[in-house]
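A, B, ... follow the sequence lines: proteins, then strands. Residue 1 opens every chain. Being a predicted model, the structure only gives us computed values, none of them experimental.
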Amino acid sequence: MTFRAGIEEICRLIANILKTLGIDGVKYDVMQTTKTEFGDITTNVAFLIAKKTSRKPNDIARDFVENRIKLYIDDSKSARRSSLIESAYPHPAGYINFKLNATNIASSTLTEILSNPHFAESNIGNGKSVIIEHTSVNPNKALHIGHVRNLVIGDTLYRLLRMTNHNPIVLNYVDDSGLQVADLVVGFLFAGFPIDSNRSQKFDIYCGDEVYSKVNELYTNDKDLAEKRRFVLKEIELGQSDVSKLASHISRRVLAEQLKTCWRLRAHYDLLNFESHILASNQWNKTFEILKKKGVLVLETEGKNKDCWIIRSKVTDDKIVVRSDGTATYIAKDIPYALWKLGLIPDYSHYYKFSDQWDNSILWATTLDAKSYSGDHPKFNSAEVAVTIIDSRQSKLQDLVSYVIFKLMGTDTKEYKHLAYEPVTLSSNTAKMLGLDIGKKDFAHMSGRKGVVVYADYVLDILHTKALEEIKKRRDHSEETLLRASAEDIAISAMRYNLIKQDLDKMITFDITESLSLEGDTGPYLQYAYARSQRILEKSRVEISNINFSLLSDESETSLLLEISKLDMIIEDAAKNLNPKILARYAYKLAVKFNLFYEKTPVLREPNPEKVVLRLALVKSFEIVMKKVFEILGMVAMAIM
RNA sequence: GGGCUCAUAGUUCAGUUUGGAUAGAAUGGCUGCCUGCGGAGCAGUUGGUCGAGGGUUCAAAUCCCUCUGGGCCCGCCA
């Protein structure tokens, strides 16, 4: 992978020039250009020297190129040293622009991709163990489109970290002891909802759509029912009783349905953490002692919070953690969990094999029953970094958790990070289509309780149907089951790409009509480019060997080549910044470059056999790189669409 | 009231971390391109006082300040 090597060579060159001129302390940039007419790589060093010496940037740039850089390039060529720099020229604006040597880039990039299966993998993780928590949907409803954003961010991050030699473990936190589950129990026991509805509806959708939202409507007029909720919640907290067993049964059943949707979206998990186990094993008491000892918690002696244990920090106002009656508040659940993730409290749980997963891995779950141990499991609770993916509404609480960890660890390396993202809302059009009244607003926040939701499976099903129609236009001779499998691959890739390509701190206004588009900057566009490359490779009878890299000449070839050669930089950038979007943008750019190449440059119809081999090598490399990118994005590289 | 965050083409968004060259895509509208390696594609055209104002700078969508508008958070609820 040599785009980076090109940048590094230019950095060395500039550094040497500055050294001979006796200039130091200049923090210049060597970076990609914004446009091809400016070459491939550019530096702003002339601007910065201009500042120091009161010479014009343009003069300096010209001086550098004529008197220094050209010598270097000529020297490299005459000495047959393998330089990646082809040429350099000063731009009147003051930049020094470089063009890379296509032959040398092609030679090293394509050779490496074609011969080394681990070509763009990086070691920035150095084996570091990272816990990623994502999804964590309350087990009383089905996943809606907003939950999918969470899942896709987390799962892409998992794939990204695995590619960069981190050791990621994925947790899905199941709040099986909260109010939401109590609402379902109330619905089944006291509001006449049958547990087994006769409909073909998925159980999680039934619970969320029918029971949960309807029960919440009933509360407003039925004081007695609201009273029942308090009773049920108490029973759940105490455990053991029939009511609590029913709650457990229901939440497990909903969870099983939720997991089907998660797995449909090709998400991988390592462990289900049940909140009830954290509560039942009394993690809070141990945590409480530690926090008191370290002085993170202080006992308020006066004012309105008198007799409460609070966290006093700069990040927020005083936060009550233990009430004056000695009971713990909500945040007290999050703190032990965070400490457990980083191994700061002893492991409280045993683990059993919950089920097998779509990717042939095992999904484990916590249990307090020592006898249920079922085989070797990874070490779950002692990560060096914990990344928690929750939407930005939780930012303040998560900041507080980070603060607590920081107070306990000091400058140690362990780290708790909240990866925040803005929620997904429904566009006014989509809300109207669903018969929801949102007034004059442009969008509506989703709410399971209010029934303002678009379910993930619903959107996937429509996408599937639409993709199937398109497929049948082109492949009507194939078997129906094969066509359906392809439609499913397209639907899933489309949804994942759609929810990962945007910036995390931008609210997504979900429009069902727009989300069904299969054209333009969408998943299918990327998959189509890949499928095209497959047709070429499939029809070719030529062996890709003895490649003559010097025949690379067309703009469409070099521009595709350079894009391919950036993969390693992109992966590192995305992983370092925990920013999966970078990879999605890259995938799109790569597909655009390939489609351009495909239109402009014939491969199989090229008369020169040496050029055919070279172009095949380029197509093959594109295939391999695109496949790798798809793998990280959780998209399917389809040989045929 | 305090805090966080967003604002770029009719619409949805890149670009802001690390200031730099004529501000890029997609979509929509209009118009071309299939006997050709698959048209889920390609090309052209239309469309922007980068929310407003000030400041710093040779240079600001990008950095700083003020303001406006949208969203979120701020309970001895969970």
Would you mind reading off the distance between A:Lys441 atom NZ and B:rG70 atom C1', rounded to a whole angstrom?
9 Å

Mark yes or no for a side-chain to base donor-acceptor pair under 3.5 Å between A:Thr329 and B:rA78, with no hydrogen or angle criteria applied.
no

With a non-hydrogen cut-off below 4.0 angstrom, is A:Met507 in contact with a base, only sugar-phosphate, or nothing?
sugar-phosphate

Scan A:Ser324 against the nucleic acid and name what it touches under 4.0 Å (heavy atoms): base, sugar-phosphate only, or nothing.
base

Both distances under 3.5 Å, Watson-Crick or G-U wobble: report the partner of B:rG47, or none.
none

Rounded to whole angstrom, note down the C1' distance from B:rC64 over to B:rU12.
31 Å

If the C1' atom of B:rG54 is compared with that of B:rU11, how far apart are they to the nearest Å?
32 Å

Between atom CZ in A:Phe443 and atom C1' in B:rU11, what is the gap in whole Å?
15 Å

Using the C1' atom on both, measure B:rG70 against B:rG51 and round to a whole Å.
11 Å

Using a cut-off of 4.0 Å on non-hydrogen atoms, how would the nucleic acid contact of A:Ile640 be classed: base, sugar-phosphate, or nothing?
base

Would you please determine if the base of B:rA21 is stacked by A:Phe38, with stacking meaning a centroid separation under 5.5 angstrom and planes under 30 degrees?
yes

Sugar-phosphate only, base, or nothing, as touched by A:Tyr525 at under 4.0 Å among non-hydrogen atoms:
sugar-phosphate

Within the 4.5 Å heavy-atom criterion, are A:Leu463 and A:Leu518 side-chain neighbours or not?
yes

So that I can tick it off, tell me whether A:Lys566 and A:Glu563 are bridged by a salt bridge, with the cut-off set at under 4.0 angstrom between side-chain N and carboxylate O.
yes

Return the value, rounded to whole Å, for the distance between atom NZ of A:Lys539 and atom P of B:rG36.
10 Å

Pick the C1' atom in B:rA14 and in B:rA25, then give their distance to the nearest Å.
7 Å

The Watson-Crick or G-U wobble partner of B:rG1, with both key distances under 3.5 Å, is B:rC74

Determine whether the side chains of A:Ser244 and A:Glu235 contain a donor N or O and an acceptor N or O closer than 3.5 Å.
no

Can you see whether A:Tyr173 engages A:Glu275 through a side-chain donor-acceptor pair at a distance of less than 3.5 angstrom?
yes

Between the side-chain atoms of A:Asn44 and the base atoms of B:rA21, is any donor-acceptor pair under 3.5 Å?
no

N or O in side chain of A:Lys506 less than 4.0 angstrom from B:rA14 OP1/OP2:
yes

Polar pairs (N or O, both sides) under 3.5 Å between protein and nucleotides 23-29 of chain B?
unit_1 : atom_1 : unit_2   : atom_2 : d
B:rG24 : OP1    : A:Lys35  : NZ     : 3.0
B:rA25 : O2'    : A:Tyr588 : OH     : 3.3
B:rA26 : O2'    : A:Asp521 : N      : 3.4
B:rU27 : OP1    : A:Gly520 : N      : 3.4

Any Lys/Arg nitrogen of A:Lys473 or A:Glu470 sitting under 4.0 Å from an Asp/Glu carboxylate oxygen of the other?
yes

Integer angstrom distance from the P of B:rG3 to that of B:rU49
33 Å

Given the P atoms of B:rG19 and B:rC34, what is the spacing between them in whole Å?
49 Å

Within less than 4.0 Å of OP1 or OP2 of B:rC77, is there a side-chain N or O belonging to A:Arg323?
yes

For a quick check of understanding: with a heavy-atom distance under 4.0 Å over all strands, which category does A:Lys56 fall into, base, sugar-phosphate or nothing?
nothing

Measuring only the C1' atom in each nucleotide, how far is B:rU45 from B:rA60? A whole number of Å is fine.
31 Å

For A:Asp573 and B:rU17, what is the distance between atoms CG and P respectively, to the nearest whole Å?
13 Å

Between the base of B:rC72 and the side chain of A:Ser392, is there any donor-acceptor pair under 3.5 Å?
no

How far, in whole Å, is B:rU16 from B:rA61 if one measures between their P atoms?
14 Å

For B:rC13, give the paired nucleotide (Watson-Crick: N1-N3 plus N6-O4 or O6-N4; G-U: N1-O2 and O6-N3; both under 3.5 Å), or none.
B:rG24

Presence of A:Asn595 side-chain N/O under 4.0 Å of B:rC42 phosphate oxygens OP1/OP2:
yes

Nearest whole angstrom, please: distance from the P of B:rC73 to the CG of A:Leu400.
17 Å

Counting only side-chain heavy atoms from C-beta out, which of B:rC72, B:rA21, B:rA40 sits nearest to A:Met641?
B:rA40

Is there a side-chain polar atom (N or O) of A:His445 under 4.0 Å from OP1 or OP2 of B:rC72?
yes

Taking for each residue the nucleotide of RNA chain B bearing the nearest heavy atom, is the 5' side occupied by A:Ala93 or by A:Phe597?
A:Ala93

Which nucleotide wins on minimum distance to the side chain of A:Lys333, given the candidates B:rU16, B:rA21, B:rA78?
B:rA78

Determine the minimum heavy-atom distance between A:Ser517 and A:Thr522, stating which atoms define it.
O-CG2, 3.6 Å

Report the glycosidic orientation of B:rC34: syn if within 90° of 0, anti in every other case.
syn

Verify the distance criterion only: is there a donor paired with an acceptor across the side chains of A:Gln398 and A:Tyr416 at less than 3.5 Å?
yes

With both distances under 3.5 angstrom, what nucleotide forms a Watson-Crick or G-U wobble pair with B:rG32?
B:rC42

Using whole Å, what does the distance between atom C1' of nucleotide B:rG19 and atom CZ of A:Phe47 come to?
11 Å

Between NZ of A:Lys306 and P of B:rC76 the distance, given in whole Å, is 16 Å

Atom CD of A:Gln394 and atom C1' of B:rC74: how far apart are they, to the nearest Å?
13 Å

Would you indicate what A:Asn97 reaches in the nucleic acid, counting non-hydrogen atoms under 4.0 angstrom: base, sugar-phosphate, or nothing?
base

Watson-Crick or G-U counterpart of B:rU66, or none if no pair lies under 3.5 Å
B:rA52

Examine B:rG39: is either OP1 or OP2 under 4.0 Å from a nitrogen or oxygen in the side chain of A:Arg532? Give yes or no.
yes

Is there a side-chain polar atom (N or O) of A:Lys581 under 4.0 Å from OP1 or OP2 of B:rG15?
yes

